[in-house]
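Everything on this sheet refers to the single structure shown next.
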Number of protein chains: 2
Amino acid sequence: MSRKLTMSLESYLETIAELQIKFGAVRTSDLADEMGCKKSSVTSALQRLSEKGLINYQAYRPVTLTIEGHQAIERLSRFHGIIEDFLENVLDLPSDFSCEEACRLEHSLSKRTIERLKMFVDFIKTDTGKNKTAGIKNRFSKFLQDNED
Amino acid sequence: MSRKLTMSLESYLETIAELQIKFGAVRTSDLADEMGCKKSSVTSALQRLSEKGLINYQAYRPVTLTIEGHQAIERLSRFHGIIEDFLENVLDLPSDFSCEEACRLEHSLSKRTIERLKMFVDFIKTDTGKNKTAGIKNRFSKFLQDNED
DNA sequence: TAATATTGTTAGACATTTCTAATTCAGGGC
DNA sequence: GCCCTGAATTAGAAATGTCTAACAATATTA
């Protein structure tokens, strides 16, 4: 079994982390609801995550993340944050959409692109355009308004 | 059979289009080389693309795109171009890397994000920062140099 | 043309991901 | 303690996507 996670398993792992914070114990049904799939699919995913040592899983019991599971999540959630920040605060997309889109993209963007994207967001936030009044973000907002279809 | 393409089939279709321009006829072996997979995987993909009506396929003969195939490609290659442009000319990443990354991302980014990204790249290209000398691109380049690790 | 080399396909395997349907388990009520 | 209900799992199917190895078709070339 390879160590690398598929997009699907990454999503399950993240959702486990979310629900753990939200509810404490994480049950199969909650995961199925949140992921929009059947419970049997969840069981299958849990078994595969368990084989990879990312969750503590025993049949018929709530699951928890292992240390390794938490580490895997950490990288993902950092990626998610950077992408969401870019979509919402640079591209000026609505926050709910940005979050959903980040959920997809965090599994596709390479580390290299992510890190550069972070640099760019940081840059945009500090850059004021030297004319004091309007930073790039404001000018882009105006640009969007001027170019509405 | 669903009409929607998977990432994998999208990649095969694009590669067929590329090779068609490059070589005229598209053979299984060329596809396998370009995709970095075995010929039998190509055959399997070709059969599925054929069922979806995207390519003209007959065993042991070179393949060509159908009208539907061309249409599918059009959307994808536009997406690819926008993403590559962003990576290379806004994030200032190397062009070969940008192309590879765009190949992955064109299958993940939503239409909405792509269109907004295009607006943003257009904006960056016109925005000169109002101080005549340095546009955003130049300032970001400088920012990157100042913040090297 | 006949032998050979290349190219392409099939068959069969395996992993992933999902579903439905059947079964098993755990906790609460009696 | 026994039964029932709901939660969870298994079994079995299907689609995708890939591989290896065996086989078939085509091309080359002697």
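All values below were derived from every heavy atom in this structure, side-chain atoms included, with hydrogens, water molecules and symmetry-related copies excluded. Keep in mind the model is a prediction, meaning the values are calculated, not measured. Proteins get letters first, then strands, A, B, ... in listed order; numbering begins at 1 in each.
- At whole-Å resolution of the value, CD in A/Gln47 and P in C/dT16 are 12 Å apart.
- Distance from the side chain of B/Ala59 is smallest to C/dT9 among C/dT9, C/dT17, D/dT9.
- Nucleic acid contact for B/Ser41: base, since at least one base atom lies under 4.0 Å from a heavy atom of the residue.
- Counting only residues at least two apart or on different chains, the ring-ring contact (aromatic ring centres under 6.0 Å, His included) pairs with a member in residues 78-119 of chain A are A/Phe86-B/Phe86.
- Side chain of B/Thr66 to backbone of B/Gly53: a donor-acceptor contact under 3.5 angstrom is found.
- Under a 3.5 Å cut-off, the side chain of B/Arg116 and the backbone N or O of A/Asp92 do form a donor-acceptor pair.
- With hydrogens and angles left out, the side chain of B/Ser40 and the base of D/dT20 share a donor-acceptor pair within 3.5 Å.
- Here D/dA15 presents its C1' atom at 15 Å from CG of B/Leu5, a figure rounded to the nearest Å.
- Regarding B/Met35, its CE atom lies at a distance of 10 Å from the P atom of D/dG17, rounded to whole Å.
- Ranking D/dA8, C/dT16, C/dT9 by closeness to the B/Tyr60 side chain, first place goes to C/dT9.
- B/Leu91 and B/Leu144 make their closest contact through O-CD1, 4.4 Å (heavy atoms, listed as atom of the first residue, atom of the second, distance).
- A/Glu51 has its CD atom 14 Å from the C1' atom of C/dT17, to the nearest Å.
- Contact check, B/Arg48 against D/dG17: a side-chain N or O comes under 4.0 Å of OP1 or OP2.
- For B/Thr43 and C/dT10, a side-chain-to-base donor-acceptor distance below 3.5 Å is absent, hydrogens and geometry of angles not being considered.
- Residue A/Thr6 is in sugar-phosphate contact alone, with no base atom involved, counting any heavy-atom pair closer than 4.0 Å across all strands shown.
- For C/dT16, the OP1/OP2 oxygens have no side-chain nitrogen or oxygen of A/Tyr12 closer than 4.0 Å.
- Closest to the A/Ser44 side chain, of the nucleotides C/dT18, C/dC19, C/dG8, is C/dT18.
- With C/dG8, C/dT16, D/dT9 as the candidates, the nucleotide lying closest to the side chain of A/Lys52 is C/dT16.
- What separates CZ of A/Arg61 from C1' of D/dA8 is a distance of 13 Å, to the nearest Å.
- Between the NZ atom of B/Lys38 and the C1' atom of C/dG8 there is a distance of 14 Å, rounded to whole Å.
- Here the P atom of nucleotide D/dT9 and the CG atom of A/Leu31 are 10 Å apart, to the nearest Å.
- For B/Gln58 and C/dG8, the shortest distance from a side-chain N or O to OP1 or OP2 is not below 4.0 Å.
- Distance from the side chain of B/Lys39 is smallest to C/dG8 among C/dG8, C/dT18, D/dA8.
- Side-chain nitrogen and oxygen atoms of A/Thr28 include at least one within less than 4.0 Å of the OP1 or OP2 phosphate oxygen of D/dT9.
- Between B/Asp30 and A/Cys37, the residue whose closest nucleotide on DNA chain C is further toward the 5' end is B/Asp30.
- A/Ser108 places no side-chain N or O within 3.5 Å of a backbone atom of B/Leu105 that could act as its donor or acceptor partner.
- The side-chain heavy atoms of B/Leu109 and A/Arg104, taken from C-beta on, include no pair separated by under 4.5 Å.
- Taking atom CG of A/Leu49 as the reference point, atom P of C/dT16 lies 11 Å away to the nearest angstrom.
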